[in-house]
Amino acid sequence: MAPLERSINEIIIGINRKDTASYEYLYRQYYAALCSYVSRLLAPLQDAVEDLVQEVFLSVYENSHQFVDVRELTNYLYKACYNKCLTFIRDTRLHSDILTSFAENQSEEQDEESIYALTIREEMIRQLYLYINQLPTEQRRIMLLRVEGHDWNEIAEILGVSINTVKTQKMRSYKFLRKHLKDSQFSVLLLLF
Amino acid sequence: MKSVFDIYDDASLLRKVLIGEATETEKLRVEEFLTLHPDLRKQYDELRRQDGLNDSFIRYNRYSSKDAYSRFLRKVRLTGVYKYKSRRMSYRWYSAAAIVLILIGIFAVWRMTSVRQPLGHELTILSPGTKKGQVLLPDGKTLNIGSKNINMVLGGVRVTYHQGLLSYVPVQVNLPDSTSAASQFNTFVIPRGGENTVLLADGTTVHLNAASELRFPMRFGSGQRVVELKGEAYFDVKKDAAHPFIVKTRYGEVAVLGTVFNVNAYDDRQRCEVTLVKGRVRFTTPTRESVELEPGEQALSTGSLVQKRPVDVEDYVSWTRGVYNFHNESLSNIVSTFAKWYDVEVVYDSSDIASQTYTGTVRRYDTMNAFLDVFEMTGDFSYHVEGRCVYLSRRNKGKRE
């Protein structure tokens, strides 16, 4: 089954029921992003990254918590990763080393701000990856240029094609994304773009 | 981390602006937002520089979600049976005939040692059932129920399938019985390896287990509400004293007013168990023998005889919540339940295995391997899988290392 053939809501129902097949989708959609996130938080301690993230997934499976929607699930996963990192740092007594790596001489509030920014950044990348990476090459390139802030004319120029080609590809991309997201409760949010 | 942060929603909004499809209002909101959080603006601008996003995507390739998922599966397969039921364990526990899965013990040993290797040979994974089924319509057409959403109107009834629920909701009320869908029966057929839930036109929900069939009118008429069941289903009947709800099976019928109960009437078990969770029901056999049940009681019928007994209701209805509880259940009964859910055939190499009894709890949505692995750990059996067939072979206990 292709990654997006199950809607996120179906996956969440499966996760709540401890249906291991649904966890495959959970891994596909979140694993790399959370690893990337944890690796940024842990900076010099890269060896522990995948183990910590794996523990978070197992805790979802072993926990009896029932997730309501993708929003709650996503927030939970990042927070669990963040907490795991804190515990890990404390346990390995590398607290001072780590702190210098992400927030030297900063007040606690600023520290929180930088972690918030880091978290949102990762989740943005994850969502974009999930959607843009699914697209055929040409459409994918257009979307990446779009993210870099180019308008449709510029994109056409960079790629050496007509503006109409770009617009057609753009429409196809949206159609593609809509098709894959149609069951999602949050599709409205996701589809406004 | 501040608890007020909503990672998913905040990121979704920024993502929309990044792709360039946000509305003007949303763009303004993001602008304000980024002014408020300068750190976030830095991150945001970084993504926008040339190849910024693509570099992040490449970073993702370092991590294999596939490998991580296999490691996860290996871990949870070892701990697939997770709970032991400790009630009434004193006498029977030691009885020589009953071999019991000492789940907590096994669990603890696994946890402490973690030395158990994945089984030497590559296993065929036997996946649990999924939402599927077919509705047979009166005109002979069929509707596939499972992967696609459905939304249609048939004979004054809106039929929808959305998020795992098939529902029948009358759109025109007060149609006379003869012209309405009251005489139009649908049959919901669940294959082996399936399950599904239907909301009937009166508001009753029926959760159907694998290899089961429910025949019901598209809307109910002015008399009794009658449905017919083969196999197993969990009913939550909408209260309506003026229109008694009747579940017919080949072993007899259940008459109810408004209540919750489970009916297990698989043909291969040659009997029917009606377990009452809430309310009051009367069970009547085709030979007019009848019993009335209180919550916590079960009617056991072979079709001609019926008896009543107190039971632990959980053991009979927990499947609807994703677990199977077995309490001194014979292997042949456990296996017949599993064969339907995992859509497999089970073959024993000696008949005395079938009558041995087990107690424990198994997760319904785990693979069958999770359950079979625990079996192997008891030392009673070993198993191997060929296609959709599971072979259980007796182990000589004395000769085990």
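Just so it is clear, the model here is predicted, and its values are computed rather than measured. Only heavy atoms go into these numbers, but all of them, side chains included; no hydrogens, no water, no symmetry mates. Each chain gets a letter, A, B and so on, in the order its sequence line appears, and its residues count up from 1.
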Contacting region of [X] [heavy-atom separation from chain B under 4.5 Å]:
X	value
A:Leu144	side chain
A:Val53	neither
A:Glu122	both

Regarding [X] and [Y], does a basic nitrogen lie under 4.0 Å from an acidic carboxylate oxygen?
X	Y	result
B:Lys131	A:Glu10	no
B:Asp366	A:Lys18	no
A:Arg17	B:Glu195	yes
B:Glu46	A:Arg121	yes

Counting C-beta onward and ignoring hydrogens, is there a side-chain heavy-atom pair between [X] and [Y] closer than 4.5 Å?
X	Y	answer
B:Tyr8	A:Leu73	no
B:Arg62	A:Cys35	no
A:Asp19	B:Thr130	no
A:Ile120	B:Tyr44	no

### Leading residue by heavy atom contact count with chain B [cutoff under 4.5 Å; candidates A:Ile13, A:Asp151, A:Leu58, A:Asn16]
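Result: the option with the highest number of such pairs is A:Leu58.
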### Query
Which one, A:Val147, A:Leu145, A:Val49, leads in non-hydrogen pairs under 4.5 Å with chain B?
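Greatest number of close heavy-atom pairs with chain B: A:Val147.
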Report the distance from atom [atom1] of [X] to atom [atom2] of [Y], rounding to the nearest 0.5 Å.
X	Y	atom1	atom2	answer
A:Phe57	B:Ser65	CZ	OG	8.5 Å
B:Ile19	A:Ile132	CD1	CD1	4.5 Å
B:Leu53	A:Met143	CG	CE	11.5 Å
B:Ile7	A:Tyr76	CD1	OH	12.5 Å
A:Leu130	B:Tyr60	CG	OH	9.5 Å
A:Glu113	B:His37	CD	NE2	5.5 Å

### Task
Could you go through the side-chain contact (heavy atoms from CB on, under 4.5 Å) check for B:Tyr69 and A:Leu26 one step at a time?
CA-CA 9 Å; B:Tyr69 176 65; A:Leu26 187 69; over 6 Å; no
Step through the shown structure and confirm whether more than 12 heavy atoms of other residues, nucleotides or ligands are within 6.0 Å of [atom1] on [X].
X	atom1	result
A:Gln46	CD	yes
B:Arg388	CZ	yes
A:Arg141	CZ	no

### Task
Name all residues meeting the salt bridge (charged side-chain N to carboxylate O under 4.0 Å, His left out) criterion together with A:Glu123; count only those two or more places apart in sequence or in a different chain, and write none if there are none.
A:Arg126
### Task
Not counting sequence neighbours, which residues clear salt bridge (charged side-chain N to carboxylate O under 4.0 Å, His left out) with B:Arg48? List them please.
none
### Query
Can A:Ile125 and B:Phe57 be said to form a side-chain contact (heavy atoms from CB on, under 4.5 Å), step by step?
CA-CA 8 Å; A:Ile125 300 171; B:Phe57 285 178; 4.0 Å; yes
### Task
Ignoring hydrogens and angles, state whether a donor on the side chain of B:Arg59 or A:Ser39 is under 3.5 Å from an acceptor on the partner side chain.
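Present: a donor and an acceptor within the cut-off.
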### Query
Measuring heavy-atom distances to chain A, does B:Ser64 have an atom under 4.5 Å in its side chain, in its backbone, in both, or in neither?
backbone
### Query
Mind checking whether B:Phe72 and A:Tyr61 have parallel, tilted or perpendicular rings, split at 30° and 60°?
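Judged by the thresholds at 30° and 60°, the geometry between B:Phe72 and A:Tyr61 is perpendicular.
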### Query
How far apart are the C-alpha atoms of A:Met124 and B:Val17, what are their side-chain angles, what is the distance that settles it, and do they pass the side-chain contact (heavy atoms from CB on, under 4.5 Å) test?
CA-CA 11 Å; A:Met124 266 193 294; B:Val17 176; over 6 Å; no
### Message
Between A:Asn75 (side chain only) and B:Asp6 (backbone N and O only), is there a donor and an acceptor less than 3.5 Å apart?
### Response
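No, the answer is negative, given that no donor and acceptor are paired below the 3.5 Å cut-off.
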### Query
Counting N and O atoms only, with roles assigned by atom type, does the side chain of A:Gln54 sit under 3.5 Å from a partner on the main chain of B:Ala68, one being a donor and the other an acceptor?
yes
### Message
Show the nearest heavy-atom pair for residues A:Glu148 and B:Arg49, with the distance to one decimal.
### Response
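Where A:Glu148 meets B:Arg49 most closely, the heavy atoms are CG-O, 3.8 Å.
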